[in-house]
Amino acid sequence: MLNDPKVARLFEFLIDHQKTPALEPVFAPRRDGWVSYPSIEEQLGVESDYVVRLLEDLRRLGYLHKQFHDKVLFCPACNSQDLQLVILCPKCHSAHLLRKRFLKHNNCGYVGPEENFGRGETRICPKCRDELVLLGSDYQNMGIRYGCGDCGEVVENPEEKWLCRSCGRFFGKLDVRELVLYRYEVNPAQLAKLKVERIPKARVHEFLTREGYEIQESALATGRSGAEHQIDLLATKRSGPLEHRIVVGFASAEKEVDSEEVIKLYAKAYDVDAQDTILVVSPRLSKDAQNFARHYHIKVFDAEQLNHPNVNISV
Ligand SMILES: [Zn+2]
Ligand SMILES: [Zn+2]
Ligand SMILES: [Zn+2]
C-alpha cells in the first residue's frame, strides 16, 4: 500500500500542511459512510470512503495519530443536524413551560411561583392570605422549577425531546443518532523517516514509471559474478533487443553518507549490468563519497529535495 503514488502524495501534502488542520473531518452522510475529509479528497482526487480507509490503514502502520475531534447529533429520519432540545410538560405535553422561582408556604402547604405571592415588599400567600415573613420558618424557597403555562403543573423533571427542525419530527433523548468524528495527525517520529525514505522512493518510482520503466522495489538480482544483490529499486526498460537498467540506491546517515555506500552501490550496478546508477542520500554525501560518485558516474539526489513536487529527476 505504501507504494501507492496516492499515499506518497498524501504524505507530501501532510508535510506541506503540518500546521494546518488538513486532516479534520466533516459530517457528511452518504450511502456508504458518514464522514468526509474534504481537503484530502480534493488533493488525491478520490472518494470519501477511500480516504477513510486509507487514514485508518496509516494509523495502524503508525504514521498517523487519531484524536477525538467532535461529536455530532443528527436526526435518525433525515440526517439533519438542525436539532433542538425541547422540554415538555409531563402531564399535558405542552412546550409552554416557564422557568420560575417557587416558594412554599409552610402553614398551608401552598407551592407556587414567587410572583403569585405579590410583587411588593410584603409576600401574601394566595391560598390562605397569610403574610410570609421569615424565610425558613414561614416559607421555603423551593428553587427554580418549571410551571406549565397550559395546565399549571409544577414540573421538576420535564420531559426532554429532540425536535428536528428540518423534518419536524420529535425524538426521545436516546433516539437521536450520534457520531464521533476523529481527526488525524502525523506521527512526528515517523515524519522524519517518511521524508528520508518513503517519499523520495515513491517520487523516483513514479518518475521512472512515467518514463516507461518497469520497477521492482527491493529486487533480488543475480549479477554476472553469480552473486545475488538486494537492490532498493531496479528499473528496467526494454526496446527491441535492448534492455536499459537503472539501479537506484537509498542511503541515509546521521551526518554524512560515506564512500563505502557509493562503492557498494557501484559494485552492484556493475555486476547486474546497469547502464545508469542513481543514489538518493540523506542528508548528504561526504566529500570523499562525492568524488567516488563523480568518478563512477553515479547521479546523486538529495532526499530532502525529492520531497518537493517540482524537482526534476532526469536520468
Ligand atoms: Zn398559605
Ligand atoms: Zn401541562
Ligand atoms: Zn429530521
Side-chain angles (χ1 to χ4, degrees), residues 21 24-39 41 47-52 68-183:
E24 284 196 357
V26 296
F27 175 62
R30 303 180 306 276
R31 202 158 21 88
D32 57 348
W34 300 97
V35 193
S36 165
Y37 295 83
S39 51
E41 282 155 35
E47 300 289 321
S48 317
D49 58 332
Y50 177 89
V51 172
V52 169
F68 172 78
H69 180 70
D70 195 9
K71 190 167 92 171
V72 294
L73 297 174
F74 58 101
C75 172
C78 77
N79 294 335
S80 167
Q81 285 179 274
D82 194 3
L83 300 175
Q84 185 189 354
L85 186 65
V86 290
I87 55 169
L88 305 171
C89 170
K91 200 172 153 199
C92 75
H93 306 292
S94 164
H96 189 193
L97 292 185
L98 304 163
R99 196 153 47 175
K100 289 169 181 173
R101 177 174 304 281
F102 276 75
L103 303 179
K104 179 183 182 185
H105 186 207
N106 288 346
N107 246 350
C108 73
Y110 173 79
V111 175
E114 200 173 16
E115 68 206 33
N116 289 8
F117 292 81
R119 290 191 183 277
E121 290 286 291
T122 50
R123 292 192 158 119
I124 307 291
C125 172
K127 189 178 165 199
C128 69
R129 312 307 301 172
D130 257 10
E131 191 182 341
L132 281 57
V133 184
L134 281 175
L135 178 67
S137 59
D138 282 359
Y139 67 103
Q140 284 172 43
N141 182 349
M142 308 292 285
I144 303 289
R145 295 187 183 185
Y146 292 97
C148 177
D150 284 357
C151 74
E153 179 81 353
V154 178
V155 180
E156 211 172 341
N157 297 306
E159 209 179 317
E160 292 186 356
K161 294 237 180 217
W162 286 100
L163 166 66
C164 172
R165 286 151 66 107
S166 186
C167 70
R169 290 180 174 90
F170 282 93
F171 299 96
K173 258 182 108 178
L174 297 176
D175 295 329
V176 291
R177 296 194 61 173
E178 57 174 42
L179 177 77
V180 175
L181 300 179
Y182 294 95
R183 65 169 179 275

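Counting convention: from 1, in listed order, for ligands and their atoms alike. What you are looking at is a predicted structure, and each value in this text was computed from that prediction instead of being measured.
By the 4.5 Å heavy-atom criterion applied to side chains, Val155 and Pro90 are counted as neighbours.
Scanning both residues, Asn107 and Asp130, for their nearest heavy atoms gives ND2-OD2, 3.5 Å.
Within a 6.0 Å radius of CD1 in Ile144, other residues, nucleotides and ligands contribute more than 12 heavy atoms.
Remark: side-chain polar atoms of Arg145 are not paired, donor with acceptor, to backbone N or O of Leu98 under 3.5 angstrom. Checked by atom type and distance alone, the side chain of Asp138 pairs as donor or acceptor with a backbone atom of Val133 at under 3.5 Å. When atom types are taken as modelled, the side chain of Asn106 and the backbone of Ser137 share a donor-acceptor pair closer than 3.5 angstrom.
With 2.8 Å as the limit, Cys92 counts as an N, O or S neighbour of the Zn ion (ligand 2). Among the atoms of Cys148, an N, O or S atom is found under 2.8 Å from the Zn ion (ligand 2).
With waters neither drawn nor counted, the protein N/O/S atoms under 2.8 Å from the Zn ion (ligand 1) amount to 4.
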> Run the side-chain contact (heavy atoms from CB on, under 4.5 Å) check on Val86 and Phe170 step by step: do they pass?
Replying inline: CA-CA 9 Å; Val86 290; Phe170 282 93; 3.5 Å; yes
